[in-house]
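Following: one structure in structure tokens, then a few remarks.
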Amino acid sequence: IAQTRIAFEKPLDNLALAESWIGRAAGERCDCIVFPEMSFTGFSMHVSQIAPYSPEIRQKMMQLAQQYRIAIGFGWVSEELDGKGKNHYTLLDSTGETVLDYVKIHPFSYGDEDQFYDSGDKIVSGSVCGIPVSTLICYDLRFPEVFRLAARRSSLVFVPANWLEQRSSHWQTLLRARA
């Protein structure tokens with residue numbers, strides 16, 4: 001798990017750091033490395049500023065998966081025709097092929113995320129190193145139904161999150177709501 005300190009809205013800086021994380025993980029014979037939600041931009045409501053970097057992010061992750069022969073999970077944003085984004089989490093295998101691409105089903109409405117991001121509508125699964133996996137993102141953890149569906153298909157469920165210091169009160173709200 002790459003618990004990185006993301007330089008906010010600076011994807012090129014973050015991609016350079018990601019390569020060192022990936023190289024180190026591969027050097028330690030890890031089969032898979034997973035990064036946080038919105039891995040290389042930070043969690044931003046500025047969809048039109050960060051989404052244009054997504055093709056470069058995806059291409060770089062594919063290249064690094066192939067180069068280091070390691071599966072990689074990472075988050076990125078697509079911009080939709082309505083101007084809102086979709087919060088994706090993609091898992092690549094060690095050849096750089098897409099194993100799964102999940103779109104967050106439950107934007108965090110308490111933080112107005114739903115004003116900037118459209119919801120996904122399906123649970124996805126794939127296989128990494130022979131292990132059936134699914135991924136959900138952050139606030140999805142508040143909804144047991146999605147976990148039940150993912151658990152029917154997978155032995156492992158990744159739940160990447162990205163919490164900025166200024167959103168720490170939202171995290172506390174989420175923890176209280178889950179209790």
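Basis for what follows: all heavy atoms, side chains included, without hydrogens, waters or symmetry-related copies.
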Practice prompt. Could you tell me whether Phe40 and Phe35 have their ring centroids closer than 6.0 angstrom?
Written response: yes
Discussion item. Any side-chain to backbone donor/acceptor pair from Asp13 onto Lys10? Under 3.5 Å, distance only.
Written reply: no
Discussion item. For Ser109, give me all partners under side chain to side chain donor-acceptor pair (under 3.5 Å), at least two apart in sequence or on another chain.
Written reply: none
Worksheet item: Does a side-chain heavy-atom distance below 4.5 Å link Phe74 with Arg58?
Response: yes
Worksheet item: Knowing that exactly one of Asp101, Val124, Val34, Leu136 qualifies, which makes a side chain to side chain contact (heavy atoms under 4.5 Å, CB included) with Tyr89?
Response: Val34
Worksheet item: In terms of hydrophobic clusters joined by side-chain contacts under 4.5 Å, are Leu17 and Leu64 together?
Response: no
Worksheet item: So, Tyr139 versus Phe143, ring centres under 6.0 angstrom or not?
Response: yes
Discussion item. So does Val133 get a backbone contact from the side chain of Ser154, meaning a donor-acceptor N/O pair under 3.5 Å?
Written reply: yes
Worksheet item: For Ile131 and Ser155, which heavy atoms make the closest approach, and how far apart are they?
Response: CG2-CB, 4.3 Å
Item to complete: Could you please spell out the steps behind the side chain to side chain donor-acceptor pair (under 3.5 Å) verdict for Gln63 and Gln59?
Response: CA-CA 6 Å; Gln63 179 254 316; Gln59 184 62 39; over 6 Å; no
Worksheet entry | Atom pair CG (Leu156) and OG (Ser125), whose distance is rounded to the nearest 0.5 Å | 12.0 Å
Discussion item. So, taking the atom named CG in Asp112 and the one named CE in Met45, what distance separates them when rounded to the nearest 0.5 Å?
Written reply: 6.5 Å
Worksheet item: Should we count OH of Tyr68 as having more than 12 external heavy atoms under 6.0 Å?
Response: yes
Worksheet item: Under 4.5 Å between side-chain heavy atoms, hopping through other hydrophobics if needed: is there a path connecting Val103 to Phe147?
Response: no
Fill in: Common cluster, Leu100/Leu141, ILVMFWY with side-chain heavy-atom separation under 4.5 Å
yes
Discussion item. Show the nearest heavy-atom pair for residues Val146 and His106, with the distance to one decimal.
Written reply: CG1-NE2, 4.0 Å
Discussion item. I'd like to check Asp114 versus Phe108 (side-chain heavy atoms, cut-off strictly below 4.5 Å). Are they in contact?
Written reply: no
Worksheet item: Where is the tightest heavy-atom contact between Arg69 and Gln66, given as atom of each residue plus distance?
Response: CD-O, 3.3 Å
Fill in: Evaluation steps, side-chain contact (heavy atoms from CB on, under 4.5 Å), between Ile137 and Val159
CA-CA 5 Å; Ile137 299 175; Val159 188; over 6 Å; no
Item to complete: Spell out, yes or no, whether Ile6 and Ile1 are grouped together once hydrophobic residues are joined by side-chain heavy atoms under 4.5 Å, including indirect joins.
Response: no
Worksheet item: Do the side chains of Met38 and Trp76 get nearer than 4.5 Å, heavy atoms only?
Response: no
Worksheet item: For the side chain of Ser54 and the backbone of Ala51, is there at least one donor-acceptor N/O pair under 3.5 Å apart?
Response: yes
Item to complete: Give a yes or no on whether the backbone of Asn162 and the side-chain of Glu37 come within a donor-acceptor separation of less than 3.5 Å.
Response: yes
Item to complete: Determine whether more than 12 heavy atoms belonging to other residues, nucleotides or ligands lie under 6.0 Å from atom CD of Glu145.
Response: yes
Worksheet item: How many angstroms lie between atom OH of Tyr117 and atom OG of Ser44, to the nearest 0.5 angstrom?
Response: 5.5 Å
Response to the item:
Scanning both residues in full, the closest heavy-atom pair of Pro160 with Thr135 reads CD-OG1, 3.6 Å
Discussion item. So, taking the atom named CD1 in Ile33 and the one named CE in Met61, what distance separates them when rounded to the nearest 0.5 Å?
Written reply: 9.0 Å
Discussion item. Apply side-chain contact (heavy atoms from CB on, under 4.5 Å) to residues Cys129 and Asp31 and explain how you reach the verdict.
Written reply: CA-CA 7 Å; Cys129 304; Asp31 295 315; 3.4 Å; yes
Discussion item. Does any part of the side chain of Ser78, heavy atoms only, come nearer than 4.5 Å to the side chain of Glu80, both counted from C-beta?
Written reply: yes
Worksheet item: Is it the case that one hydrophobic cluster holds both Trp21 and Met62, taking links as side-chain heavy atoms less than 4.5 Å apart, direct or via other members?
Response: yes
Item to complete: Apply the side chain to side chain contact (heavy atoms under 4.5 Å, CB included) test between Ile57 and each candidate in Leu15, Asn14, Ile50; give the one that qualifies.
Response: Leu15
Worksheet item: Is there side-chain contact between Gln49 and Thr41, with heavy atoms separated by less than 4.5 Å?
Response: no
Discussion item. I'd like to check Ile22 versus Ile72 (side-chain heavy atoms, cut-off strictly below 4.5 Å). Are they in contact?
Written reply: yes
Worksheet item: Given side chains that start at C-beta, do those of Asp118 and Pro107 come closer than 4.5 Å, heavy atoms only?
Response: no
Item to complete: Report yes if the side chains of Val47 and Val77 come closer than 4.5 Å at any heavy-atom pair, otherwise no.
Response: yes
Worksheet item: Going by an N to O cut-off under 4.0 Å, is there a salt bridge joining Lys86 and Glu79?
Response: no
Worksheet item: Looking at NZ of Lys104 and CD of Glu113, how far apart are the two atoms once the value is rounded to the nearest 0.5 Å?
Response: 3.5 Å
Item to complete: Indicate the atoms forming the closest heavy-atom contact of Ile105 with Ile123, along with that distance.
Response: CD1-CD1, 3.7 Å
Response to the item:
To the nearest 0.5 Å, atom CG of Leu12 lies from atom CD of Glu56 at 5.0 Å
Worksheet entry | Any side-chain donor near an acceptor of the partner, Tyr102 and Asn87, under 3.5 Å | no
